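One structure is given below, encoded as structure tokens.
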Amino acid sequence: MSPLTPTTASLLVVDVQQGFTSLCPAELPVPGGVEVVPGVNALLALPFARIDATQDWHPPDHCSFLGRRDNLYPPHCVQGTPGAEWVPGLHSHRFSAIWRKGYDRDFEAYAVTAQHPAFAAMLKASGIRSVVVCGIATNICCFFAARDLKAAGFDVWMVEDASAGIDVPAAGLFQAKAKADGQAMGIRYCTVADVKKEMN
């Protein structure tokens, strides 16, 4: 694991949206979702070479919704609704780019890398070698992005105290399994303090 050098490190903020928090209890609230904001903002204050954010942007009839093809989740983060907006207080002005995903009705895109296959190549072309990942949910959209970026050759750091997770048995998605799998592939699970120390 190489050090986090500001000129070669990027931050990926995943789906810090109201639909994944208690602010929208009828959607897909993740325990601790609102509470990730201070940790994410602490990371946003650091001198990363670039800061990318992902935003779930579902149509109202997305295939993952209850009653639809996959029948997994309540409708959440629907385009143009409050659930799709950032959690209040998030320093979104720091985002270099916002990558929307999940906007194809018949395609499940947990990771930015699934919706935007050229994302990793873009980071490499920008000189990025390390990616710090945080957001919601740790074991789902964060994990799948981290997994794909690790497979693409990046050093990947998962910031646990700037993220929130949730077990979804119906989809076979569990926090403990995701972390074990991530650690086995070399993803570094860490804290905001760890990142700050490495960036200094």
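Please read all numbers here as calculations on a predicted model, not as lab measurements.
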Could you go through the side chain to side chain contact (heavy atoms under 4.5 Å, CB included) check for L12 and V112 one step at a time? CA-CA 10 Å; L12 179 61; V112 60; 4.2 Å; yes
Set out, in order, the CA-CA distance, both residues' side-chain angles and the distance that settles side chain to side chain contact (heavy atoms under 4.5 Å, CB included) for V14 and I136, then state yes or no. CA-CA 6 Å; V14 177; I136 311 171; over 6 Å; no
Go through L66 and L72 one step at a time and tell me if the side chain to side chain contact (heavy atoms under 4.5 Å, CB included) criterion holds. CA-CA 6 Å; L66 296 177; L72 291 173; 5.9 Å; no
Side-chain donor/acceptor pairs under 3.5 Å, residues 139-149, sequence neighbours excluded:
| from | atom 1 | to | atom 2 | distance (Å) |
| --- | --- | --- | --- | --- |
| N139 | OD1 | I166 | N | 3.1 |
| N139 | ND2 | I166 | O | 2.8 |
| D148 | OD2 | T113 | OG1 | 2.6 |

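Not counting sequence neighbours, the partners of D181 by the salt bridge (charged side-chain N to carboxylate O under 4.0 Å, His left out) test are K177. Checked against side-chain contact (heavy atoms from CB on, under 4.5 Å), D104 has the following partners two or more places apart in sequence or in another chain: F107, Q115. Residues passing the side-chain contact (heavy atoms from CB on, under 4.5 Å) test with E108, sequence neighbours excluded: H62, S64, Y73, Y110. Annotation: salt bridge (charged side-chain N to carboxylate O under 4.0 Å, His left out) contacts of R100 (sequence neighbours excluded): none.
Distance check: T54 OG1 to F119 CZ gives 8.5 Å after rounding to the nearest 0.5 Å. The line from CG of L28 to NE2 of H76 is 5.5 Å long, rounded to the nearest 0.5 Å. Atoms OG and CZ, on S10 and F154 in that order, are 7.0 Å from each other to the nearest 0.5 Å.
Listed for the Q17 side chain is a donor-acceptor partner under 3.5 Å among the backbone atoms of D56. Side-chain N or O atoms of D61 include none that pairs as donor or acceptor with a backbone N or O of R105 at under 3.5 Å. No donor-acceptor pair under 3.5 Å is formed between the side chain of N41 and the backbone N or O of P38. Checking side-chain atoms of S163 against main-chain N and O of G135 turns up a donor-acceptor pair under 3.5 Å.
Here the side chains of R188 and E198 are in contact, with some heavy-atom distance below 4.5 Å. Between V133 and V159, every side-chain heavy-atom pair lies at or beyond the 4.5 Å cut-off. Proximity of P88 to L23: side-chain heavy atoms (C-beta onward) are separated by under 4.5 Å at one or more points. Residues D52 and F95 have side chains not in contact (no heavy-atom distance under 4.5 Å, counting atoms from C-beta outward). Taking the side chain as every heavy atom from C-beta outward, T138 and Q175 never approach each other to under 4.5 Å. For the pair V132 and L4, the minimum side-chain heavy-atom distance is below 4.5 Å. D155 is not listed as a side-chain neighbour of V131, based on a closest heavy-atom distance of 4.5 Å or more. At a threshold of 4.5 Å between non-hydrogen side-chain atoms, the residues V195 and F48 count as touching.
The hydrophobic cluster containing F65 also includes V78, under a criterion of side-chain heavy atoms closer than 4.5 Å among ILVMFWY residues, counted directly or through chains of members. Grouping Ile, Leu, Val, Met, Phe, Trp and Tyr by side-chain contacts under 4.5 Å, direct or through others, puts Y103 with W57.
The salt bridge (charged side-chain N to carboxylate O under 4.0 Å, His left out) pairs that include a residue from residues 21-45 number zero, where partners must be two or more places apart or lie in different chains. Screening residues 77-89 for side chain to side chain donor-acceptor pair (under 3.5 Å), with sequence neighbours left out, gives no hits. A salt bridge (charged side-chain N to carboxylate O under 4.0 Å, His left out) check over residues 156-171, counting only residues at least two apart or in different chains, returns the pairs E160-K179. Applying the salt bridge (charged side-chain N to carboxylate O under 4.0 Å, His left out) definition to pairs two or more places apart or across chains, those involving residues 10-25 are D15-K101. For residues 168-200, the set of pairs meeting the ring pair (Phe, Tyr, Trp, His ring centres under 6.0 Å) definition, not counting sequence neighbours, is empty.
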